[in-house]
Amino acid sequence: MILTGAVLATGIAAASVFYSPVQRSVTAIDMVDPGRAVEQAVLDAYRLAPTLEKFLSEPDAWWPGTLNPDDLLPAKVLKKVAVAPGDTLMALLTEAGAEPSDSQAAITALNAKFNPRKLKVGQEITLTFERNDADSYRLFEMSLSPSVEREVNVTRVESGSFRANEVIREFNVEHARVGGTIDDSLYNAGIAAGLNNSLLSEFIRIFSYDVDFQREVQPGDRFELFFERHHDDAGKTMKTGRISVAAMTLSGRELRYYFYQPSDGGDADYFTPAGSSVRKALLRTPIDGARLTSGFGVRRHPILGYSLMHKGVDFGAQTGTPIQAAGEGVVEMSGWNGGYGQYVRIKHGNGYATAYAHMSRLGVKTGQRVRQGQVIGAVGTTGRSTGPHLHYEVMQNGKQINPTGVRFPSGRKLEGKEFDRFRRASEGLDKEFRGTPQLALLNRGE
Ligand SMILES: [Zn+2]
């Protein structure tokens, strides 16, 4: 149907008749990506137009003798499919037009290099069908890239069975430096500087222990990061890796962290220049800082700052934005709580508790143990609330305290020889950092 429509669009009236064998054999193959299929069909039609014109003006000279319309069928047809939730590879291949026996043989071959059960939703698979006889096609090749470095191909061999082959691409890794000044939001500034979403959310995660992204980030503040960039020989970014140095300057105060793996087998983490881990008992921003609606000017906005009447702080974000447990603990309450609407309270150690209000969705049950950063529900506007936001409270011995004022001790402090080793590593990173020109614009690539 797509082919007929596209060919008619080129203005060749008789084309649909001429094309019918193509249409019959190819429709089953080309349906998944209609945009691409139409594009291909139009190109084919243009390619064939002179032939068709000649055929229509002198049919006897062409038909049935010298030109068999079957010869115009492409020898190979490419089709891209994507794994949807609930898909099995068998169903996907068969639906795409492969014979069940071919699908089975191809999957068996694939298994030698890649476990089909590890297919993720959204994974693209390129299928090549080869022309079998007059009007049918059979599966020739299936190829997929489980990661940017790796491609697995399964190809039909003479005997009719399939063989898997794996291609590993090696990228060059170097450190890249990106930074900028915040005008309206860290998210926008980060994207403008060329950061991808995964780098940006990792950067924000590193600072979420110390920075209240709603209240503490102001226009003119700066951010800078030094991270691993994997690029191909042409210099194109194929993948971004670990952030080695992360820095923010907030109202003139610099926060600077270095990734470090202690030599004593302790957890790899981010550490301040003084050797303190960033990890704290509670997050200051218990929500993805990239998804906050701009907090600028909130110091003058009574509802967004802490007040005795209000007893908490608010984070403005869209309904549905995931809320994270500020710290490890046990859920003391999860349910409706009057003006607070849908509400979760978590009990942490040392007499501390945190509470989350106006949620649209509760993701935990009373009595449940939660990890720091675990998603416990979503932002909403339930209860006495004028718009979607997270109302967040910190309690000490049952009383609300000002969360903007509490400072929690850091997780680990590097000392002695371990600190000396860390200092050498961080100074080395700084030196490398200063010697690296700022990357103007990172080629996008997750
Ligand atoms: Zn509030």
Side-chain angles (χ1 to χ4, degrees), residues 82 118 120-124 144-152 167-183 185-211 213 217 221-249 254-261 267-272 277-279 283 285 287-292 322 324 373 425-426 428-446:
K118 296 213 168 123
K120 294 203 177 84
V121 168
Q123 169 76 55
E124 275 200 352
L144 60 126
S145 289
S147 67
V148 284
E149 297 97 337
R150 191 169 164 227
E151 187 179 304
V152 183
V167 181
I168 303 285
R169 303 177 64 190
E170 286 199 5
F171 299 128
N172 312 300
V173 183
E174 61 173 24
H175 267 107
R177 174 181 177 179
V178 164
T181 301
I182 300 164
D183 300 321
S185 79
L186 172 59
Y187 181 81
N188 290 342
I191 294 294
L195 295 180
N196 59 31
N197 277 321
S198 64
L199 274 174
L200 198 49
S201 50
E202 174 64 3
F203 181 79
I204 286 169
R205 193 195 62 76
I206 296 166
F207 286 94
S208 286
Y209 298 97
D210 284 320
V211 175
F213 280 94
V217 180
D221 285 348
R222 293 188 48 78
F223 68 96
E224 204 154 38
L225 53 162
F226 200 44
F227 60 94
E228 288 170 359
R229 186 173 80 98
H230 303 241
H231 60 91
D232 64 10
D233 291 336
K236 184 173 188 280
T237 302
M238 301 307 291
K239 196 171 101 164
T240 56
R242 174 191 300 142
I243 297 174
S244 300
V245 183
M248 284 193 91
T249 305
E254 191 191 52
L255 297 169
R256 194 174 185 83
Y257 302 123
Y258 303 89
F259 180 84
Y260 180 65
Q261 168 69 67
D267 286 343
D269 208 344
Y270 289 87
F271 292 87
T272 66
S277 152
V278 287
R279 221 164 279 273
L283 293 171
T285 303
I287 191 170
D288 180 354
R291 299 181 63 170
L292 292 174
Q324 299 155 2
S426 61
L429 277 170
D430 271 339
K431 197 167 168 226
E432 201 190 331
F433 182 89
R434 283 192 299 270
T436 305
Q438 176 126 334
L439 201 62
L441 193 66
L442 185 67
N443 298 310
R444 296 291 148 81
E446 290 296 319

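Hydrogens, waters and symmetry mates play no part in the numbers below; they use all other heavy atoms, side chains included.
- Heavy-atom minimum distance, Thr181 versus Ala189: O-CB, 3.7 Å.
- Note on Asp430 versus Arg256: salt bridge recorded, some NZ/NE/NH1/NH2 to OD/OE distance being below 4.0 Å.
- At least one side-chain heavy atom of Asn197 sits less than 4.5 Å from a side-chain heavy atom of Ile191.
- Two residues are said to be in side-chain contact when any heavy atoms from C-beta on lie closer than 4.5 Å; Val217 and Val211 meet this criterion.
- Each of Tyr270, Phe271, Tyr209, Phe203 was scored for a side-chain contact (heavy atoms from CB on, under 4.5 Å) with Tyr257, with one residue passing: Tyr270.
- Atom-to-atom distance recorded for Arg279:CZ and Asp267:CG is 6.5 Å, nearest 0.5 angstrom.
- One N or O on the side chain of Asp232 and one on the backbone of Ala234 form a donor-acceptor pair closer than 3.5 Å.
- Among residues at least two apart or in separate chains, salt bridge (Lys or Arg N to Asp or Glu O under 4.0 Å) pairs with a member in residues 194-204 are Glu202-Arg205.
- Rounding to the nearest 0.5 Å gives a distance of 13.5 Å between CD of Glu170 and CE of Met238.
- Atoms CG and CD1, on Leu255 and Ile206 in that order, are 12.0 Å from each other to the nearest 0.5 Å.
- A distance of 7.0 Å separates CZ in Phe226 from CG in Leu429, rounded to the nearest 0.5 Å.
- Side-chain contact check for His175 and Ser244: at least one donor-acceptor pair (N or O, by modelled atom type) lies under 3.5 Å.
- Rounding to the nearest 0.5 Å places CD1 of Ile204 at 11.0 Å from CG of Leu199.
- The shortest heavy-atom contact between Phe227 and Val178 is CE2-CG2, 3.8 Å.
- In this view, Asp288 satisfies the salt bridge (charged side-chain N to carboxylate O under 4.0 Å, His left out) rule with no residue, not counting sequence neighbours.
- In this structure, Ile182 and Met248 have side chains that are in contact, with non-hydrogen atoms separated by less than 4.5 Å.
- Heavy-atom minimum distance, Lys239 versus Val148: CD-CG2, 3.9 Å.
- Separating the CZ atom in Arg169 from the CD atom in Glu149 is a distance of 9.0 Å, to the nearest 0.5 Å.
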| Test log, rule side-chain hydrogen bond (donor to acceptor under 3.5 Å, both in side chains), inputs Arg229 and Thr240 | CA-CA 5 Å; Arg229 186 173 80 98; Thr240 56; over 6 Å; no
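- Figure legend: Arg177 and Phe433 shown as a cation-pi pair, the cationic atom lying under 6.0 angstrom from the six-membered ring centre and within 45 degrees of its axis.
- Between the side chain of Thr285 and the backbone N or O of Phe213 there is at least one donor-acceptor pair closer than 3.5 Å.
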